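In this text the structure is predicted, and so the values were computed from the model without any measurement. Residue numbers begin at 1 in each chain, while the letters A, B, ... track the order of the sequences.
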Protein chains: 2
Amino acid sequence: MRTTIKDIANYTGFSVTTISLVLNNKADKIPRSTKNKILDAVEELNYHPNQLAVGLVKKRTQTIGLIISDVSNVFFSTLAKGVEDSCRSQGWNLILCNTNDKHERDMSYIQVLANKGIDGILFCMARDSDKKKTEESIQLLKKLKIPFVMIDRYLEEADCSSVIVDHKQGGYAAVKYLLGHGHRKIGCVTGPSGLEDSMERLKGYKKALEEYHISFRDEFIYEGNYDRESGAGAVDFFEGKEISAVFAFNDMSAYGVYNSLKKRGISVPGGMSLIGYDDIFFSEILDVPLTTVKQPIYEMGVESVKQLIDEVESGVGARKCIVFQPALIVRESVGYGPAYDPDVESFKENTFFR
Amino acid sequence: MRTTIKDIANYTGFSVTTISLVLNNKADKIPRSTKNKILDAVEELNYHPNQLAVGLVKKRTQTIGLIISDVSNVFFSTLAKGVEDSCRSQGWNLILCNTNDKHERDMSYIQVLANKGIDGILFCMARDSDKKKTEESIQLLKKLKIPFVMIDRYLEEADCSSVIVDHKQGGYAAVKYLLGHGHRKIGCVTGPSGLEDSMERLKGYKKALEEYHISFRDEFIYEGNYDRESGAGAVDFFEGKEISAVFAFNDMSAYGVYNSLKKRGISVPGGMSLIGYDDIFFSEILDVPLTTVKQPIYEMGVESVKQLIDEVESGVGARKCIVFQPALIVRESVGYGPAYDPDVESFKENTFFR
DNA sequence: CTGTTAGCGCTTTCAG
DNA sequence: CTGAAAGCGCTAACAG
């Protein structure tokens with residue numbers, strides 16, 4: 001049997017209250033001598049409070065849940081690392097939940113976590129969530145009165161804190177960079193059209209185009225699914241459209257584009273310029289290191305934990321929206337496009353756009 | 001306030017005992033009618049038992065801990081996915097613990113998990129663990145009477161179950177394949193010499209060499225650290241040694257070798273054959289898809305959970321050692337070596353060695 | 001300064 | 001068949 005607080009009481013001759021008091025640093029009025037005796041006994045008997053019991057009465061477990069679709073996905077595992085590191089450094093623990101992007105699992109995990117008495121949830125909603133499902137999740141969270149912060153998604157209606165990245169800016173930066181290199185016909189491999197982050201990147205794309213007075217063309221937009229196959233599909237789709245650069249909305253589909261291009265004997269950046277999004281660590285070590293838009297995922301994990309714990313401890317829903325700025329990481333997959341003219345000032349300026 | 005069992009009691013007019021009985025399927029002698037009334041009330045009031053309270057009395061939480069060094073490492077995130085999937089399918093939960101390969105964190109997490117009442121631990125020991133530290137961890141686990149299964153490490157003395165892969169066989173398969181392709185001077189980029197898995201792969205290397213009556217040469221062995229830098233270091237180390245193939249003990253260092261080779265203008269497999277270990281998913285999509293030894297990591301995660309839950313539920317430490325066989329995944333990074341002669345029967349036979 | 005007491009929400013004998 | 005009561009290990013008024 002584990003040592004309990006009673007054992008310490010018996011051993012020292014003091015009451016459980018006294019023990020509890022000194023262990024919880026509420027022992028202002030307890031003499032050093034008593035304290036020391038107790039602390040010694042704790043050490044000697046190797047006493048560690050049963051956190052289930054503590055949680056039951058304190059209604060706090062110093063544990064949060066992380067709901068994501070899939071840890072084996074680099075994006076999420078990086079996030080999870082940030083989250084876990086941040087938790088540990090503050091003495092908290094992390095329950096990991098994978099939903100495989102199924103809304104029903106979001107729902108069931110929220111309930112399970114609540115039953116376990118977690119103090120808060122870091123919530124990356126499943127991708128299959130439409131408006132109604134999203135609302136359903138939020139409703140549940142609220143009904144259960146669980147503090148939560150949404151990651152990678154901001155919802156006006158949600159009335160909660162979120163940690164997001166400015167994807168419109170990311171898309172804008174990528175496309176502007178391409179334009180600055182003389183590309184005019186730029187293909188896009190988007191994510192699922194239902195996803196806000198994809199839509200935002202597209203907005204960024206449009207914004208950059210507008211700045212250059214180039215009209216938006218639907219036939220340059222391929223709706224992908226954030227996977228490698230999407231990249232291959234896009235290459236087929238772009239065929240014959242004289243595109244000189246493609247902006248893939250994540251690195252995975254950029255790889256798909258790259259591989260598919262290679263099979264057709266088209267080189268990067270010689271035959272086609274390519275820019276990705278995410279900066280997954282492999283992007284750097286590819287044969288043609290990928291120019292891409294980096295999301296500070298790890299930092300987002302760290303930050304979201306801070307925010308969540310803050311809300312838990314203060315007891316107030318801060319409703320704060322922390323937005324991270326993505327950064328363009330220039331490597332070697334973008335070359336100059338047909339419109340490039342080294343003598344034009346605007347190009348010079350844009351070459352080092354960041 | 002959440003609905004409690006008392007609320008259900010009040011609402012239905014039955015006692016808490018009765019409620020508890022039907023909720024725990026121990027209601028053999030309770031009439032359907034009562035049961036239904038209770039179940040209806042549960043539904044209506046949306047009652048979910050507080051698992052902290054349940055855990056406190058049952059001394060079971062249906063939760064296990066996973067101690068690994070770093071989820072953001074693909075190897076571990078794949079493992080974690082297997083573990084989590086397996087947990088969920090059995091209605092269990094997972095607490096994730098990253099140690100960054102620090103033994104002290106192994107120790108502290110073990111204690112923390114114990115305090116939280118987890119039912120078992122999946123333990124990937126930190127890499128900095130020498131014999132003494134290892135023993136210390138095991139001792140703690142035993143003192144705490146926590147069922148645990150070790151992953152990727154087998155210890156005679158540990159007297160516990162483990163899930164491992166036959167690394168000697170993996171190393172053997174890789175090197176035999178290389179030998180079969182006519183390579184005779186084969187460089188090795190090992191892992192840290194203290195690690196058993198690295199040592200095992202090396203044993204496999206030696207075994208294959210012996211079969212070909214080739215004597216082992218120390219100058220072909222470069223002790224790396226399982227990272228990309230190791231690969232680069234190895235290439236320096238091998239310089240001028242007329243090596244025609246290198247066997248890197250993990251994919252990461254293989255990439256390092258590949259990149260470093262490329263910088264020197266040496267192609268793979270033209271100028272040098274290369275074989276890795278792990279089959280991280282990126283290995284397949286590299287420019288020169290990497291021939292490598294695949295570890296069934298996900299499956300190991302799934303299996304280890306099964307084993308652990310089994311032990312928890314049966315209450316007996318099974319002390320079972322589940323060994324997974326690695327598989328050689330042939331792709332394009334290995335060519336023929338100087339000793340290759342298409343007319344020699346043994347080569348033909350070995351070309352398709354698996 | 002320290003102890004008594006009453007729970008937290010649940011399970012589980014033990015009666016009836 | 002159902003309920004009363006004890007107790008899991010701990011905290012927190014409230015006394016004294």
Side-chain angles (χ1 to χ4, degrees), chain A residues 1-39 41-42 45-63 111-112 114-119 144-145, chain B residues 1-39 41-42 45-63 111-112 114-119 144-145:
Chain A
M1 216 45 248
R2 276 177 65 117
T3 318
T4 73
I5 200 169
K6 268 188 197 163
D7 297 327
I8 305 289
N10 290 333
Y11 189 82
T12 57
F14 295 104
S15 77
V16 278
T17 313
T18 312
I19 316 293
S20 176
L21 251 26
V22 342
L23 256 33
N24 289 290
N25 288 317
K26 295 186 177 168
D28 312 328
K29 325 204 152 172
I30 289 172
R32 276 238 79 73
S33 65
T34 307
K35 252 187 226 179
N36 286 141
K37 271 180 211 156
I38 291 177
L39 261 12
V42 163
L45 302 190
N46 207 278
Y47 169 67
H48 294 271
N50 177 330
Q51 296 304 138
L52 288 176
V54 174
L56 187 55
V57 26
K58 280 204 188 164
K59 273 134 186 37
R60 284 292 221 70
T61 52
Q62 307 263 108
T63 304
Q111 185 65 59
V112 167
N115 302 343
K116 280 194 157 327
I118 47 85
D119 298 329
L144 263 18
K145 296 206 176 36
Chain B
M1 215 50 245
R2 277 176 63 117
T3 321
T4 73
I5 199 171
K6 267 189 197 162
D7 298 328
I8 307 288
N10 289 334
Y11 189 81
T12 58
F14 294 104
S15 77
V16 276
T17 314
T18 311
I19 316 293
S20 175
L21 252 26
V22 343
L23 255 32
N24 289 289
N25 289 318
K26 295 188 177 165
D28 314 326
K29 324 204 153 170
I30 289 173
R32 275 238 78 73
S33 65
T34 307
K35 252 187 227 179
N36 287 143
K37 272 180 211 155
I38 291 176
L39 262 11
V42 163
L45 302 191
N46 206 277
Y47 169 67
H48 294 270
N50 177 331
Q51 295 306 137
L52 287 175
V54 174
L56 187 56
V57 23
K58 281 203 184 163
K59 271 132 185 39
R60 285 292 220 70
T61 52
Q62 307 262 104
T63 303
Q111 185 66 60
V112 167
N115 301 343
K116 279 194 160 322
I118 48 84
D119 297 329
L144 263 16
K145 296 207 175 37

Look at the side chain of Asp7(B) and the backbone N and O of Thr4(B), then say whether any donor-acceptor pair between them is shorter than 3.5 Å.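 Yes; at least one donor-acceptor contact below 3.5 Å.
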Do the side chain of Asp119(A) and the main chain of Gln62(A) share a donor and acceptor less than 3.5 angstrom apart?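 Between the backbone of Gln62(A) and the side chain of Asp119(A) there is a qualifying donor-acceptor contact (under 3.5 Å).
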Phosphate OP1/OP2 of [N] contacted by [X] side-chain N/O (<4.0 Å):
{"X": "Thr34(B)", "N": "dT2(D)", "result": "yes"}
{"X": "Lys35(A)", "N": "dC1(C)", "result": "no"}
{"X": "Thr18(A)", "N": "dT2(C)", "result": "no"}
{"X": "Lys59(A)", "N": "dT11(D)", "result": "no"}

Looking across every strand, which nucleic acid part, if any, lies under 4.0 Å from Gly117(A) by heavy atom: base, sugar-phosphate, or nothing?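 The answer is nothing, as Gly117(A) stays clear of every strand by at least 4.0 Å.
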How many whole angstroms separate atom [atom1] of [X] from atom [atom2] of [N]?
{"X": "Gln51(A)", "N": "dT11(D)", "atom1": "CD", "atom2": "P", "result": "8 Å"}
{"X": "Lys37(A)", "N": "dT2(C)", "atom1": "NZ", "atom2": "P", "result": "9 Å"}
{"X": "Leu23(B)", "N": "dT11(C)", "atom1": "CG", "atom2": "C1'", "result": "12 Å"}
{"X": "Ile8(A)", "N": "dT11(D)", "atom1": "CD1", "atom2": "P", "result": "12 Å"}

Residue list, side chain to side chain donor-acceptor pair (under 3.5 Å) with [X], at least two apart or on another chain:
{"X": "Thr34(B)", "result": "none"}
{"X": "Thr17(A)", "result": "none"}
{"X": "Asn46(B)", "result": "His48(B)"}

Using the test side chain to side chain contact (heavy atoms under 4.5 Å, CB included), find all partners of Tyr11(B) that sit at least two apart in sequence or belong to another chain.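 Checked Tyr11(B) against side chain to side chain contact (heavy atoms under 4.5 Å, CB included); matches are Ala41(B), Glu44(B), Leu45(B).
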Want to settle it: does Pro31(B) or Ala53(B) sit nearer the 5' end of DNA chain D, counting the closest nucleotide to each?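 Residue closer to the 5' terminus by nearest nucleotide: Pro31(B).
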Are a donor atom and an acceptor atom from the side chains of Thr61(A) and Lys116(B) found within less than 3.5 Å of each other?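 Looking only at side-chain atoms, Lys116(B) and Thr61(A) do not form any donor-acceptor pair under 3.5 Å.
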Taking five pairs at each end of the helix from dC1(C)-dG16(D) to dG16(C)-dC1(D), what angle separates the two helix axes (nearest 10°)?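 Axis angle across the helix from dC1(C)-dG16(D) to dG16(C)-dC1(D), nearest 10°: 50°.
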Distances under 3.5 Å between nitrogen or oxygen atoms of protein and nucleotides 12-15 of chain C:
residue : atom : partner  : partner atom : Å
dT12(C) : OP2  : Lys26(B) : NZ           : 2.7
dT12(C) : O4   : Thr17(B) : OG1          : 3.4

